[in-house]
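Note that ligands are numbered from 1 as they come in the structure, with each ligand's atoms numbered from 1 the same way.
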Amino acid sequence: MPVFQIDDFEMHYLDQGGPEGPALLLIHGFPFDSSMWEPQISALRDKYRVIAPDLRGHGASSAPEGVYSMELLAEDLRRLLDHLKTKRVILGGLSMGSYIAFAFYRKYAELVRALILADTRPQADTPEGQKAREDLAQLATNEGSRAVAERLLPRLLTEPTREHNNLVVRWVNYMIQNTSIQGLVGALRGMAQRADSTDLLPQISVPTLILVGERDILTPPADAQRMAELIPGARLEIIPEAGHLSNLENPQEFNRILREFLDSLPKP
Ligand code: MLT
C-alpha cells in the first residue's frame with residue numbers, strides 16, 4: 001500500500017486500475033478503512049483508476065491527536081490528489097465519507113467531476129446526536145474498540161446480513177477494531193461539530209448519484225430522498241437487501257448502478 005506523508009501523519013492509500021482511465025476517489029465511512037471499497041475496486045479497475053485512502057486515524061494510516069473536522073479530512077484528500085498529480089476526480093463517499101465530500105465540494109468544486117453520495121445525510125448532528133457521539137468516544141476510551149464494534153454492528157448491518165453473511169460481519173468487525181482509539185475519538189468529535197450541508201445541495205452542479213440501502217436505519221432512505229430533491233438532476237437509487245453498508249451488503253446491485261452511472265458521465 002503506498003504511503004504519503006502529510007505534516008504529522010502518514011496516509012496509506014490504494015491506487016488501482018488504469019492510470020489512463022478517469023479517476024475515482026472513494027472515501028470510507030466511520031470507523032472503517034479503504035478495504036471497504038474492495039468490491040467496488042474489483043468491479044471498476046478494468047476501466048477506472050480508483051484511489052481509496054485510509055483517512056487519518058483509520059486503517060493503516062497514523063492517528064495524530066486532535067479533532068478530525070470534516071474540513072481537515074477534506075484537506076488531507078486535497079493534498080493526496082496534489083501528490084498524485086490528479087486533477088479533477090469523481091468523488092464518492094459512504095456516510096462520513098460523504099460528509100467529507102460535502103466539505104471538499106464546498107471548497108474545491110472545480111476539482112470534482114461528479115459525486116457519489118452513499119448512505120449519508122446532509123444535516124448536522126442534533127444535540128442528542130452530539131451527546132451520543134461523546135458517549136461513544138468515552139466508551140472507546142474506557143473499554144476499547146471492541147466495545148465500539150459491539151455497539152455499532154447491529155445498527156450498521158441488517159439482521160439477515162448479521163445472521164448469514166459471516167464474511168461481511170467479520171470484515172466490518174475487523175475494520176472497527178483495527179481503528180485506533182485516537183482515530184475513533186478524533187473522528188467522532190469531528191462529526192459532532194460538522195456543519196449542516198443542506199444549503200450546499202442546490203449549488204451542486206455536477207452529475208450526482210445517491211445510493212442508500214433500503215434498510216439503512218442510520219441514514220434512512222428518507223434522507224436520501226430529501227437530498228435527491230435538493231440536488232439538481234440527482235439520481236436516487238435504493239439498494240435492496242442492504243442496510244447502512246449497502247456497498248458491502250449488496251455489492252452486485254451497488255456495483256451495477258455505480259458502473260452504469262460512471263459509464264454515463266461525459267468524457268473528460
Ligand atoms: C458512517 O458510517 O460513516 C457513520 O455511520 C456516520 C455517522 O455516524 O454519522
Quiz item: What protein heavy atom sits nearest atom 2 (O) of ligand 1, and how far off is it?
Solution: His244 NE2, 2.9 Å
Quiz item: Going by the order shown, which atoms of ligand 1 are within less than 4.0 Å of some heavy atom of Arg121?
Solution: 9 (O)
Exercise. For atom 9 (O) of ligand 1, find the nearest protein heavy atom and state the residue, atom name and distance (0.1 Å precision).
Key: Tyr99 OH, 2.6 Å
Quiz item: Which value, rounded to the nearest 0.5 Å, describes the distance between Leu136 atom CG and Arg189 atom CZ?
Solution: 11.0 Å
Practice problem: Applying salt bridge (Lys or Arg N to Asp or Glu O under 4.0 Å), name anything that partners Asp199, two or more places apart in sequence or on another chain. | Solution: Arg106
Quiz item: Is the shortest N/O to N/O distance between Phe30 and ligand 1 below 3.5 Å?
Solution: yes
Quiz item: Can you list the ligand 1 atoms lying under 4.0 Å from a non-hydrogen atom of Ser95?
Solution: 1 (C), 2 (O), 3 (O), 4 (C), 5 (O), 6 (C)
Exercise. Classify the side-chain pair Ser34/Asp54 by whether it contains a donor and acceptor separated by less than 3.5 Å.
Key: yes
Self-check item: Pairs meeting criterion ring pair (Phe, Tyr, Trp, His ring centres under 6.0 Å) with involvement of residues 77-106, two or more places apart
Solution: Phe4-His83, Phe104-Tyr108
Exercise. Answer yes if the side chains of Arg45 and Gln16 hold a donor-acceptor pair under 3.5 Å, and no otherwise.
Key: yes
Quiz item: Does Gly29, backbone or side chain, put an N or O under 3.5 Å from an N or O of ligand 1?
Solution: no
Quiz item: Should Arg133 be listed as contacting ligand 1, given a heavy-atom distance under 4.0 Å as the test?
Solution: yes
Quiz item: Below 4.0 angstrom, N of the basic side chain to O of the carboxylate: do Arg256 and Glu253 qualify?
Solution: yes
Quiz item: Does ligand 1 have any atom sitting under 4.0 Å from a heavy atom of His28?
Solution: no
